[in-house]
Structures are given as structure tokens and as C-alpha cells.
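Scroll down for the structure; my scribbles are underneath it.
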Amino acid sequence: MEQRILQIALDTPLHTVFDYCWRPQEEGEEIPAIGHLVVVPFGRREAVGVVVGHVQASELGADKIKNVIAVRRQMAPLSAHWLALCGFAADYYQRPLGEVMLPGLPKNLRALTTVALDKALKALDKTPAPKKRKAKARAAGAEPVDPAELPAAEQPQALPDPMQFGPAPSLNAAQQEAVDAIAGADAFAPLLLYGVTGSGKTEVYLQAAAAILQRAADAAQADGRPPQDGPPAQILVLVPEINLTPQLEGNIRARFPHLNVVALHSGLAEGERARNWLAAHLGQAHIVLGTRLAILSSLPHLKLIVIDEEHDPSYKQQEGLRYSARDLAVWRAHQLGIPVVLGSATPSLETWQHAQAGRYRRLELRQRAAQQAVLPKVKVIDMERDKPVDGLTSTLIAAVRKRLEHGEQSLLFLNRRGYAPVLACDACGWISNCMRCDAFMVVHRPERRLRCHHCSLELHIPKSCPTCGNVDLQPLGRGTQRVEEGLHAIFPEARVLRIDADSTRLKGSAQSAFDSVHRGEVDILIGTQMVAKGHDFKKLTLVGVMNPDTALFSHDYRASERLFAQLMQVAGRAGRAGLSADGSSGEVLIQTRYPHHPLYQAVTRHDYDGFAGELLDERRQAYFPPFMYQALLRAEARELEQAMAFLKEAANILDAPAITINEPIPMTMMRVANTERAQLLVECASRPALQAFLKEWLALLRQLRTRARWSLEVDPVDI
DNA sequence: AGCACGCCGACT
DNA sequence: GTCGGCGTGCTC
């Protein structure tokens, strides 16, 4: 009897694959292919895994090897490219293969029952698009049908040509050049699309996508395949946040009305997520629009990847497998020999350095695309000279008033949610420290609660000081809720809307908030970085930045890069549609105590090039990324000593010539939710040397018996 | 990670 | 007399 051993990747922290025995259930049944999903017994339970190899014999005793329970044959096996992608990510980020593969699949597909999978497949199958009917008939082994015998509605010439695109605006010369460079690439091509907000990057993505889809359709036709038959090409577009998908999805659907466009992000219901993922996996979806998790989706005909706002920190996953979707996108494009477009007005220094060194081609859009739209005027307000009341300087108040009089919208940007960052007692000096973390508990006035933003602890706002009984407790500082309150007092007639993580907690509420801004039902918008990204508010002509200074003196060397990007991005919300009613362009006012700081000066000049150049010089001299590669070993335990002891041992367990192992240090936010944390930074000028070291190092660390919990992050962003 | 087994304190 | 604490050990 035929008997084969399958190597199967399972979602477990163990750094190995598992051998299982496969026996045909019925005569002639073929062995599951590499890439098939299977169900296997694992310990006391059952688990879904991915077949990653076939071997003749196992090193394990025959008595230990269990049998495969079921094979998900209704789902096509995952491709060799997808397996290679997961293999690369597992190696690079030093995680087990199964921990990369399985969490990347929708829950419904890795469930122990097939109900949801079959339902999703059925839903996809009966979508009555002509191309699918034909493909289905072919798969079922049907005889080719003579077109003349088909009813008129099914005559091929009567079918809509999927490559008919909606009307496209004409491009300026720089945009056209970019489209040609992207669509003309016939091999791996990393392209930095560098253009200010409003310069028409989206239009470049759409027209490049159209050109690539069209060319693939033409090639298919030349091969004798009708345009409706099968998917000629797939395009993956990533955006940083779920909030940005509806607007872009609308644009894409309007432009490509006959194409299958699907979204992939964590906001989808499980059923829809499974359907969309399968549509991508089966090659039915032409365009996949998603957040970072979509980079791990299966796309058999992938021909172009677009990473919009490539500098955005959200592309880095911050828990579990800590991958960079941008870096994996570049790897995927390289592997497939296709173009990858990294779009940004303020590229990450990593990407900028690649472009400077000529490894990435730079495509530049210098002008705003909309007629009359020019870059907003950015001014700095010196808070030492114009003292703020309720956080607002008289200059900013006057500017908002002017917009109100003209019926235009203002946006106030404050990257601090809640009412006040801390509650304090004047009498005894008590402050609202979190009892579980080294952090302040933030005053949330509407909910009448103190909330710790680091752990989930929530308390009622005390009526009196817990230490001395004083009833006059003072909120110190200002968050978005308090500014909202102040705005109501200053502009009682204005319609004020606050948008932050708290006001948009309910599903769909963020979208309806943005919609009401678009409909002009809001005069003054106050929000955190949620409002800084992507949204194109036609009537918005003023942006006020309330208190960005804290980031200037952060110990995180990336803070100024991030602040600059954030300010440029929020500034880009102003005046996108054109001139203000009084003929002026959009206006940006930044309140600061350091009006002469080079960062603000660079923002007022819209001078990314210059500022990036200075930052890169600093990084080069300080041996920071992108001139150095890093990995961070984190440890946590009930007692700091346990975490430190583990890190000290780790620091001495393996020597390597090119590797710098720094001193273990307790973390700034030492105590979070009753655990103490410390970390150890490892650096190396060579990425391969660092990779080789990490592999060997972690094998040793796993053998260590320690009471500390630990994890490694490759290419950490928050140190 | 789950999920067992394995020995010592406060409850029906 | 049991329920349950989390220590440590295993998963093909």
C-alpha cells in the first residue's frame, strides 16, 4: 500500500515542521500536494496545517507518527511563491514557519470544519460573471461550446470587455513619465513615487494598473485565450489604514467597473474576508486593496504591487510576527520579477537612501495635480509671544474665525486623545499614576473615567484626592476632548466634530464621521493622526497644529523623521481642491515654543529633500539605520532582575566578530501591566551577517532555562 | 501557545 | 474529603 510522509507546518511556537503519515482513503487518491491545507491530530487536539514537503521516511519512530485526518482538496494548494514568501519571512524574522503561514490565512479557511470554507467557495462560484461561467465549464471538462449555439446574451461579442475602463483624467508630463516607467518595467523594478500630497499619486497608480491589466489581456488574447477567460493579471494595492480603504476602493471601482476588486483588512467580517482572500487566491480578483496583512495573501497572477504612503509606521506589524509589509512587498516583487511602487511625499529614510544610492528608481511629481491647487502656506506661531488660551493662540483663533466667515473648514491637529493627559492634586501633589504601569492615567471627561493608554485599566474619576481628600483636582495639559470643549466656548455657533480613536470606537462610526465632513456638515474638525492621513476634504483650507513640540526632544531617534512626515501629511489636508474663497491658497499654522527649530523651518519650506539629507547625515555619523541593521531582544518578568539576568546571559552566550551587542537596559516604560521589561540591542553593518548571527544565537537562547518571557524583533522601529 | 499531569491550600 | 493554584513537560 502506498504510504508517504508529509512535512506539515502548524501554528505553534515550536521551531520545526511535523511529520505525518498519509494513506489514500480510496483507490487512486493522490498524495496531497505541497501547499494543500490538511487537518492533523496534534497533541490532544486537532489542527489545520500546510503541507510543505514530501519525504520518503521520517527520522522519528514509526510509532510516533500519526495519520493525516483530512485534506482540503476543494481549495487549490498554495503556490510555491506563497510558500517561499512565508519561508523567507519565517527565516528573516526568526519565527516558526507555521506561525507565519497559518495566522496569515482567514480564520474560516483554517477552521476544523469545512462549512465556512465551502460556503465561501460556493458564494464565489455562483457570482454570475461570464468569465467564471466559462472557466467553470472548462474545469468540469465540458466540450468547448460553439459560440453560435449560445443564446444572444452569452455571445462572446455581447459580453462586456472587462478591460473597458472608466474615464480617466489626463496626466501631466511627470505623471505620464511615472506611469510609463511602472507599466514599462518587464522585470523587478523598485520605484519610489515621490510626490507632495495632492500631486496625483493615486492617478498614477490607477493608470499604471490599467496599462498592466490591458497589456496582460492583450497577451492572453494573442495566445488565443478570450479576454473573459481567466485573470490576466492581479494588482495589489496597500494603504496604511482601514479608514483609507473605502475612499480608494470607490475610486478604483469607478475606474474599473468590470473588474473584480476586493478589499482585505482586519475590519471585514470573517465570511467576507474568506471570500475575498479566496477570490485573490483563485485568481478571480484583479485588484486587491488592503492593509499590511494583505501582503501575505496568495496572488497567483501578481503583476504589480503599490505601497501607498510607504513611510507610514502602520506597515510594521507590532505584535506576533513583527513584519514590515513594505519590505515583504519588495521581496515579493523581486522574487516575481515585477515592479513595486513605493509612494510618499515624505519617504522613509530607508527608501530615500535606496533611491539616493540608485538602487530604487525615483519618479518625482513636483506639482499639485488639481488646477489652481498650490502648496499650502505653512507658518509657525511662536507660543512664547502669542500666549495660548485653552491651547489656542490668538493667531490660530483669528484664522479659524476667518474660515468660519467664508464657510470653509478648519482642521485642528493634536496627537493626544482624551481630555487631559493627567489629573493632579494642587494640595498634596498627587497625580493620576496608573497602578499597573509607569504611566499617567488619562482623563476622559465624556466617559467620566481615568484610563491608562498602556494597559486596559479604567477607573472612575475620583471626586476627591485619594491621598489628602482635596476635592479640587486639576486636569493638567490638553487632549482632543478638552480642545473640543474649548472650541464650543470660543465658537458657539460653529459645528465642531472630534475624530479620534475614542470617538470612532464603534464599527462604521469613523466612516460616517468622515462622510459628514465631506458633506460640509462640519466647520471645525479636531483630531489625532487619524485625520492626518489621506482624506481629501474639498472645503478644508486651514490646518492648525496645536502642540507638536514634545516629539522634538524624544530619545527615539526616529521621532523627528516621524514628526516631519506627520506635519507634511496633515499640512497636505489644506487647500487640496484649489484656492480659498478670498483667493489665497490653503494655510497651515504650527503652534510651537521653538519657531526656529530646523524641523519646522524645513516644513515651512516644504523641504523634504533638505531635511532628509540632514537626517541621513546624522544617521550615517551615528551608525544608525539605514546604515546599520538592528535586532532587539526584549525580556519581561515580574522582577526586573530576572529580565536583566536573562539579557546579560544572552549578551555573553555567543561571540561574533562583526556584531555589536549593546548593554541590556531597562525600558523607559519599565513597568507595563505589572511586568518589568528590559531590552538588548544588537547591531551589525551587514544584513546577512546579522541574519546568520541571529539564527545561531536564538538556537542557543531557546535552550536556556529562564523565568523571563522574551522575544526578538528584527528591524525594530520603536526602540 | 495549548493542554496535560502533578502535588499542596480553602471550600461545599 | 474535593476544587484549583500554576510549575514543568510535551506536541510529529
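Just so we're on the same page: letters track the sequence lines, and every chain starts at 1.
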State, with a plain yes or no, whether a side-chain heavy atom of A:Arg332 is found less than 4.5 Å away from one of A:His334.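 A side-chain contact is absent here, since even the closest heavy-atom pair is not under 4.5 Å.
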
Note, A:Ile719 side chain near A:Gln630 side chain (heavy atom, < 4.5 Å):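 Yes - at least one pair of side-chain heavy atoms lies under 4.5 Å apart.
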
What integer distance in Å separates [X]:[atom1] from [N]:[atom2]?
X	N	atom1	atom2	value
A:Asp19	C:dT11	CG	P	13 Å
A:Leu60	C:dC10	CG	C1'	13 Å
A:His15	B:dA1	NE2	C1'	12 Å
A:Phe18	B:dA1	CZ	P	14 Å
A:Leu6	C:dC12	CG	C1'	11 Å
A:Leu10	C:dC10	CG	P	19 Å

Working for side chain to side chain donor-acceptor pair (under 3.5 Å), residues A:Thr12 and A:Glu99: CA-CA 6 Å; A:Thr12 142; A:Glu99 227 183 48; over 6 Å; no

Show the nearest heavy-atom pair for residues A:Val48 and A:Ala111, with the distance to one decimal.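 Here A:Val48 and A:Ala111 meet closest at CG2-O, 3.5 Å.
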
Donor-acceptor contact present, side-chain A:Arg322 to main-chain A:Gln318, <3.5 Å: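 Pair found, side chain donor or acceptor close to backbone of A:Gln318.
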
Can you tell me if the side-chain N/O atoms of A:Lys64 get under 4.0 Å from OP1 or OP2 in C:dT11?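 Checking C:dT11 against A:Lys64, a side-chain N or O does come within under 4.0 Å of OP1 or OP2.
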
Any N/O pairs under 3.5 Å between the protein and nucleotides 4-7 of chain C? List them or say none.
none

Tell me yes or no: between the side chains of A:Asp715 and A:Tyr92, is some donor less than 3.5 Å from an acceptor?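 On atom types as modelled, these side chains qualify, holding a pair under 3.5 Å.
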
Quick one: label A:Leu14 by what it contacts on the DNA or RNA (base, sugar-phosphate, nothing), any heavy atom closer than 4.0 Å.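 If one applies the 4.0 Å heavy-atom cut-off, A:Leu14 turns out to touch a base.
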
What are the residues of residues 39-49 of chain A, sorted by number, that bring a heavy atom to within less than 4.0 Å of DNA chain C?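 Contacting residues: A:Pro41, A:Phe42, A:Gly43.
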
Look at A:Lys533 together with A:Glu309 and state whether they make a salt bridge at an N to O cut-off of under 4.0 Å.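 Salt bridge absent between A:Lys533 and A:Glu309.
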
Run the ring pair (Phe, Tyr, Trp, His ring centres under 6.0 Å) test on A:Tyr323 and A:Tyr93 for me, step by step, so that the C-alpha distance in whole Å, both residues' side-chain angles and the decisive distance to 0.1 Å come before the verdict. CA-CA 7 Å; A:Tyr323 62 93; A:Tyr93 295 109; 7.1 Å; no

Near A:Arg44 CZ, under 6.0 Å, is it more than 12 heavy atoms from other residues, nucleotides or ligands?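 Atom CZ in A:Arg44 is not crowded, with 12 or fewer foreign heavy atoms closer than 6.0 Å.
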
